[in-house]
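A quick write-up on the structure given underneath.
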Number of protein chains: 2
Amino acid sequence: MPPVTARARVRAELTEEILDAARRQLAEHGSAALSLRAVAREVGMVSSAVYRYFPSRDELLTALIVDAYDSLGDAVERAEAKVGRAKYLDRWMTICRAVRTWALAHPHEYALIYGSPVPGYRAPVITIGPATRVALILVQLLIDAQRDGVFAEPPPLTRSPKALGADLDRLADAFAGVSESTMVHALVAWASVYGTVSFELFGQFHNVIAANSQYFDVAMSELATFVGIPNRRA
Amino acid sequence: MPPVTARARVRAELTEEILDAARRQLAEHGSAALSLRAVAREVGMVSSAVYRYFPSRDELLTALIVDAYDSLGDAVERAEAKVGRAKYLDRWMTICRAVRTWALAHPHEYALIYGSPVPGYRAPVITIGPATRVALILVQLLIDAQRDGVFAEPPPLTRSPKALGADLDRLADAFAGVSESTMVHALVAWASVYGTVSFELFGQFHNVIAANSQYFDVAMSELATFVGIPNRRA
DNA sequence: CAAATGTCAAGAGCAATGCTCTCGGTTCTT
DNA sequence: AAGAACCGAGAGCATTGCTCTTGACATTTG
């Protein structure tokens, strides 16, 4: 309904141009060094003009966060799509490796979305959609494996999750047909993937692991077994 | 040999006073909002005077990082010391809970040491000692369990870790007497503990897990089994 | 004991930052 | 064509980390 006026067009273009500059600056110097004035300089504007497009530095950051989630989601999706549906272990390893590869290639973006939240910044609702993309890919993998019956069901939970009922009910919708213990194991494994990548990226593995890539494969392979994905030895 | 002159005494006192103020500011407003001028204001100094004690903001931050590692290490050690040596599952759960409890009580400090590294900041060598304290407690638990023979040895690694040789050799020194697969599982589990706490603290579990405390216990219990600590069902 | 040396807090100042406001000029809308 | 909405530029404010200089004090040395 709103006619695309010349103004609207140039506005959209300029918005994209600003985002591009911000992306570059983020990738090069990190989120804390992201300066609205510097971005303005790069696009040949004056700082106050940028405020017509992004009302604050945080809004710009939010846009970049959504961007980063999408970039990661794309990378993982693309990688996983190339693997045969029935090769569950391959799919799992591919997903994990794609996450790590993306993180290594975009450390600042990774830190932005998975590191400590930037100070005084509250993630707006807009970010929760893109944030769950990667998780959903993983969930789909488990659903598929479960449906095919090719699944090493983990033993029942050792600790009764009675107080977890509501949470598990909600999860059961996403994890259609997957057992309670598998859902929990999936969450635990996902936290471990994230933790492993973060440890490597944030330097916690310094003086502990040197062959990072090899360690990652070994670790993810063990996690595959943990969540019930059929593995060599199984 | 160096006589404790009046000057040296007041210097030490002032240094501690500055650190206190910085700690408070960090705990309240987070690391990025830590302003040298603000702590100067709080201790009733002028900003330039603080530079006599800490040559830069980063040096102050380093002191706070060491501080945070020590605080966490203390908390975990104290908690774990209260548990009978032979109650391995209890020790494991206590360690994990202590980490989470400390993280929830000191979110900014946790973010400082386990979140994304602060921009342009390179962790100096001084920090690696305190950083490994918690890990060492965990390692000791595994060594004890292994020595007592009360240990559900995980199956051999599904993926041959030939390229991991050097790393595993180095680890074997710390993990005296523990098998390769257990060492790897311990690392994976540790990454998961860290990931789980971070997810909760950084908001990644929003709309996923509501009963955080209960979920944490369930998750850590599963991880105990994963690393080989004898669990109920075992 | 007195002079030389080292240390200290303070203040001014620099180059940045995020953000606000006002001022003309342009582009839409009616 | 007139009025409203929008836009970029510029000046300005409060804040930051950090440097340099200055004068007062403490400490060590001759």
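Sequence lines set the chain letters: A, B, ... in the order given, protein chains first and strands last, and positions in each chain run from 1. Since we're looking at a predicted model, the values are computed, not measured.
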Query raised in the report: Contact class for B/L60 (heavy atom, under 4.0 Å): base, sugar-phosphate, or nothing?
Result: nothing
Requested in this report: Ignoring the backbone of A/R52, work out which of D/dT16, C/dA9, D/dA9 is nearest its side chain.
Outcome: D/dA9
Requested in this report: Give the rounded distance in Å between these two atoms: CG of B/L36 and P of C/dA9.
Outcome: 13 Å
Report task. Check whether any side-chain N or O of A/Y53 sits under 4.0 Å from OP1 or OP2 of D/dC7, and answer yes or no. Result -> no
Report task. Measure from the side chain of B/R11, starting at C-beta and using heavy atoms only, and say which of D/dT16, C/dC8, D/dC7 lies closest. Result -> C/dC8
Report task. Among C/dA9, C/dC19, D/dG8, find the nucleotide with the atom closest to the side chain of A/S56. Result -> C/dC19
Report task. Give the C-alpha distance, both sets of side-chain angles, the deciding distance and a yes or no for salt bridge (charged side-chain N to carboxylate O under 4.0 Å, His left out) between A/R23 and A/E109. Result -> CA-CA 9 Å; A/R23 253 187 293 264; A/E109 282 94 331; over 6 Å; no
Query raised in the report: Could you give the CG-to-C1' distance, from B/L61 to D/dG17, as a whole number of Å?
Result: 13 Å
**Report entry** ring-ring contact (aromatic ring centres under 6.0 Å, His included) between B/F202 and A/Y114, intermediate numbers included
**Finding:** CA-CA 8 Å; B/F202 298 161; A/Y114 283 117; over 10 Å; no
Query raised in the report: Any idea which of C/dA9, D/dA9, C/dC19 is nearest the A/M45 side chain?
Result: D/dA9
Report task. Find the distance B/F54:CZ to C/dT7:P and express it as a whole number of Å. Result -> 17 Å
Query raised in the report: What nucleotide among D/dT16, C/dT17, D/dG8 has an atom nearest to a side-chain atom of A/L14?
Result: D/dG8
Query raised in the report: Between A/S35 and A/A6, which has a closest nucleotide on DNA chain C that is more 5'?
Result: A/S35
Report task. Tell me yes or no: between the side chains of A/Y69 and A/T132, is some donor less than 3.5 Å from an acceptor? Result -> no
Query raised in the report: Hey, mind stepping through B/M220 and B/T196 against side chain to side chain contact (heavy atoms under 4.5 Å, CB included) and telling me if it holds?
Result: CA-CA 9 Å; B/M220 293 307 111; B/T196 302; 4.0 Å; yes
Query raised in the report: With no hydrogens and no angle check, is any side-chain donor or acceptor of A/S116 less than 3.5 Å from a backbone partner on B/S116?
Result: yes
Query raised in the report: What's the CZ-C1' distance between B/R41 and D/dT15, to the nearest Å?
Result: 9 Å
**Report entry** Residue B/V46, side-chain atoms from C-beta onward, closest of D/dA9, D/dT16, C/dA10
**Finding:** C/dA10
Report summary line: Side-chain atoms of A/R57 come closest, of C/dC19, D/dA9, C/dA9, to C/dC19
Query raised in the report: For the pair made of CD1 in A/I18 and C1' in D/dC7, what is the distance, rounded to whole Å?
Result: 12 Å
Requested in this report: Classify the side chain of B/S48 and the base of C/dA9 as holding, or not holding, a donor-acceptor pair under 3.5 Å.
Outcome: no
Query raised in the report: Over how many whole Å does the gap from B/E13 atom CD to C/dT7 atom P extend?
Result: 19 Å
Report summary line: When rounded to whole Å, the CZ to P distance for the pair A/R7 and C/dT26 reads 12 Å
Query raised in the report: In whole angstroms, how far is the P atom of C/dT7 from the CZ atom of B/R9?
Result: 19 Å
Query raised in the report: Has the side chain of A/R37 got a donor or acceptor atom sitting under 3.5 Å from an opposite partner on the base of C/dA16?
Result: no
